[in-house]
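One structure is given here, and the rest of the page talks about it.
Counting convention: from 1, in listed order, for ligands and their atoms alike. Excluded from the calculations below are hydrogen atoms, water molecules and symmetry mates; all remaining heavy atoms, backbone and side chain alike, are included.
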Amino acid sequence: MKPSIKAYTLPQLEALMRDLSQPAFRAKQLYEWLYKHGASSYDQMTNLSLQLRSALAEGYSLGSPVIQDKRTSKDGTIKYLLSYDDGVCVETVAIPSRNEERLTVCFSTQAGCTMQCAFCATGQEGLTRNLLPGEIVDQVIAVRNDIGRRVTNIVGMGQGEPFLNYDNVLAALRICNDPKALGIGARHISVSTCGIIPGIDRFSNEPEQFTLAVSLHAASQAVRDSLMPKVSSFSLDDLKNALRRYIRKTKRRVTLEYLMIKGVNDSSEDLAKVKSFCSGLLCHVNLIPINPVPGAPFKPSPQRTMNEWVSELQKSGTETTIRDSRGADVHGACGQLKNTYRRN
Ligand code: SAH
């Protein structure tokens with residue numbers, strides 16, 4: 001199979017143009033066709049010579065993802081199933097704000113995932129492959145083209161573990177951020193990790209003001225190990241220390257995501273442990289009622305428990321909100337649409 005042009009960052013396209021004896025500015029033109037205009041064939045790139053277009057077409061595949069399925073929720077959230085050239089599928093979600101000012105895209109970073117979190121539909125399928133930088137950006141472009149509006153915010157909370165595909169994810173974030181491409185402000189770009197510490201440390205050294213979110217889901221080691229078995233090699237103490245380093249270095253607040261699962265991680269003991277994990281951390285806690293996944297026994301905590309947690313955590317000085325979970329009627333939770341599709 002030919003290599004994909006979607007593997008190339010701008011500096012790599014510049015090197016490619018040198019190899020093809022082309023002037024450097026051709027790289028920028030090609031890059032803008034790919035990531036500003038979202039071209040789906042080399043024929044569209046009319047300011048490149050025919051000869052260069054055919055050399056590129058011969059050497060490098062250029063496929064845009066195809067929308068295989070699309071479900072619109074009553075609340076306006078749209079969940080897409082996209083397929084790439086090789087038939088691999090991922091999920092992407094578009095979340096328009098109610099006043100239409102913002103359009104947020106939740107993108108996937110891997111097809112499948114190795115982490116096997118007990119509550120996650122993607123965890124059940126294993127990893128198929130990492131996504132290339134351009135394949136990640138293409139999810140944002142696919143939504144922009146489908147809805148016909150500028151994407152204002154992006155979050156890496158779809159399928160996969162971003163920090164196990166670090167280089168490609170970072171390259172994608174930079175393309176999304178680049179004014180010559182999608183021009184989405186760094187502060188409007190977030191990435192969520194299950195807690196891969198070397199990734200958190202690398203992320204703290206990036207110059208852009210991207211936002212870090214961490215899936216905490218339990219502040220007791222035993223509960224976390226049972227819910228998130230593959231991340232157990234990084235302990236909660238090590239995670240807290242990594243977050244302290246990140247905050248010291250970047251001066252930025254971290255978001256901690258906490259799925260509320262009835263009878264599993266929502267006792268008063270669990271709450272006390274979350275309070276203690278958050279003490280001294282510049283963080284914001286986002287409580288998320290779990291979306292039930294077929295085959296898993298988990299149910300969301302009652303609203304009353306979540307409200308109690310919000311007021312208790314706020315009292316202890318940690319800003320806490322309940323995520324406005326949207327799109328549940330279109331299989332909003334990670335991996336669910338893909339699995340439904342596969343079963344049908
Ligand atoms: N691997 C990364 C990003 C993908 S998961 C991470 O772990 O953060 C993105 C978010 O979706 C995580 O917070 C994850 O816990 C959440 N999620 C997974 N399954 C869910 C479910 N059944 N209901 C609600 N949220 C879920």
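For atom 26 (C) of ligand 1, the nearest non-hydrogen atom from the set Ile290, Leu259, Thr122, Ile261 comes from Leu259. Evaluated by nearest non-hydrogen atom to atom 15 (O) of ligand 1, the leading choice among His217, Glu161, Met260, Met157 is His217.
In this structure, Tyr35 contributes its side chain and Lys180 its backbone to no donor-acceptor pair below 3.5 Å.
Between Ile196 and Leu164 the shortest side-chain heavy-atom distance falls below 4.5 Å.
Within ligand 1, counting atoms from 1 as listed, the ones closer than 4.0 Å to a heavy atom of Val293 are 22 (N). Per-residue contacts place Ser192 under 4.0 angstrom from the following atoms of ligand 1 (heavy atoms of the residue considered): 2 (C), 3 (C), 6 (C), 8 (O). Atom numbering of ligand 1 starts at 1 in the shown order; those under 4.0 Å from a heavy atom of Cys194 are 6 (C), 7 (O), 8 (O). Close approach of ligand 1 to Gly160 (heavy-atom distance below 4.0 Å) involves ligand atoms 1 (N), 2 (C), 3 (C), 4 (C).
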Start with the C-alpha distance between Asp238 and Lys240, add both sets of side-chain angles, then the distance that settles salt bridge (Lys or Arg N to Asp or Glu O under 4.0 Å), and finish with yes or no.
CA-CA 5 Å; Asp238 291 345; Lys240 183 159 180 179; over 6 Å; no

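The residues Lys36 and Asp178 are annotated as not salt-bridged, no charged nitrogen and carboxylate oxygen being separated by less than 4.0 angstrom.
In this structure, Cys117 has no heavy atom closer than 4.0 Å to ligand 1.
Residue Val191 forms a side-chain contact (heavy atoms from CB on, under 4.5 Å) with just one option from Ile154, Leu212, Leu173, and that option is Leu173.
A 6.0 Å sphere centred on NZ of Lys2 holds more than 12 heavy atoms belonging to other residues, nucleotides or ligands.
If you look at Asn291 next to ligand 1, the close heavy atoms, those under 4.0 Å, come from the backbone and the side chain alike.
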